[in-house]
Amino acid sequence: MKIAIAITSSGKDADVDKHGARAPYYLLLNTDSGSSEILPNPVTQAERRAGPQAAAFLVSQGVDKVVAGDFGPKFRVELEGNNVTCTEMAGSAVEVVAELSNQM
């Protein structure tokens, strides 16, 4: 499973971003291989349609689940329309990863 976590910075101490579609970065976790990578969000500064564009980007990365502090309606609809689970969580990325690991 691939999980994308919307985060506030590219550092390991990043917090979960409150704005999923406009988060500056996404932490991508591959639970099958145990690998992770941080990708910049290419639509962070989009003037319009950030939600659908961010969703398309994450779907193109093969993401199965997205974690963010909040999901705008267009972002959520686009993700769920592509069978991507939306989960609202807060805290640091490290805490969220630990909590997700405990749920598996």
Side-chain angles (χ1 to χ4, degrees):
M1 171 183 269
K2 270 190 156 178
I3 302 171
I5 303 172
I7 54 176
T8 57
S9 69
S10 63
K12 298 231 183 241
D13 59 343
D15 288 325
V16 174
D17 199 290
K18 293 178 181 160
H19 308 288
R22 292 192 182 272
Y25 297 93
Y26 293 107
L27 169 60
L28 269 72
L29 305 172
N30 186 322
T31 61
D32 297 328
S33 69
S35 65
S36 66
E37 64 180 316
I38 295 175
L39 299 177
N41 179 357
V43 301
T44 255
Q45 300 298 321
E47 288 186 34
R48 308 164 100 203
R49 299 189 40 83
Q53 290 179 60
F57 169 69
L58 294 171
V59 167
S60 77
Q61 297 298 313
V63 169
D64 302 296
K65 180 179 200 168
V66 177
V67 175
D70 188 42
F71 290 83
K74 292 177 184 174
F75 188 41
R76 182 181 294 275
V77 165
E78 289 292 325
L79 289 169
E80 290 177 346
N82 284 284
N83 299 314
V84 176
T85 304
C86 299
T87 303
E88 292 181 5
M89 298 177 84
S92 72
V94 172
E95 293 168 341
V96 168
V97 169
E99 188 171 334
L100 291 171
S101 295
N102 290 336
Q103 293 174 3
M104 298 179 144

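By the criterion of side-chain heavy atoms lying less than 4.5 angstrom apart, applied directly or through intervening Ile, Leu, Val, Met, Phe, Trp or Tyr residues, Leu29 is grouped together with Val96 in one hydrophobic cluster. Following chains of ILVMFWY side-chain contacts shorter than 4.5 Å, one can reach Phe75 starting from Val84, so the two form part of one hydrophobic cluster. Val59 is connected to Leu39 through a chain of hydrophobic side-chain contacts under 4.5 Å among Ile, Leu, Val, Met, Phe, Trp and Tyr, so both are in one cluster.
Within the 4.5 Å cutoff, the side chain of Ile38 has heavy atoms near those of the Leu27 side chain. Thr31 is not listed as a side-chain neighbour of Leu100, based on a closest heavy-atom distance of 4.5 Å or more. The shortest side-chain heavy-atom distance between Leu79 and Phe71 falls under the 4.5 Å cut-off.
Nearest approach of Glu78 to Asn82, heavy atoms of both residues: O-ND2, 2.8 Å. Looking at every heavy atom in both residues, Ala21 comes nearest to Gly51 through CB-CA, 3.7 Å. For the pair Leu58 and Ala4, the tightest heavy-atom approach, listed with the atom from each and the gap, is CD2-CB, 3.9 Å.
A distance-only check finds no donor-acceptor pair linking the side chain of Glu95 to the backbone of Asp15 [under 3.5 Å]. With Lys65 contributing its side chain and Met1 its backbone, the two residues share no donor-acceptor pair below 3.5 Å. Judged by distance alone, with hydrogens and angles left aside, the side-chain atoms of Ser92 form no donor-acceptor pair with the main-chain N or O of Ala14 at under 3.5 Å. Using a distance-only test at 3.5 Å, with no hydrogens or angles considered, no donor-acceptor pair links the side chain of Ser36 to the main chain of Leu28. Judged by distance alone, the side chain of Asn41 and the main-chain N or O of Tyr25 form no donor-acceptor pair under 3.5 Å.
We find that Glu88 and Arg76 are joined by a salt bridge, their nearest charged nitrogen and carboxylate oxygen being less than 4.0 Å apart.
In the displayed structure, Gln45 atom CD is contacted under 6.0 Å by at most 12 heavy atoms of other residues, nucleotides or ligands.
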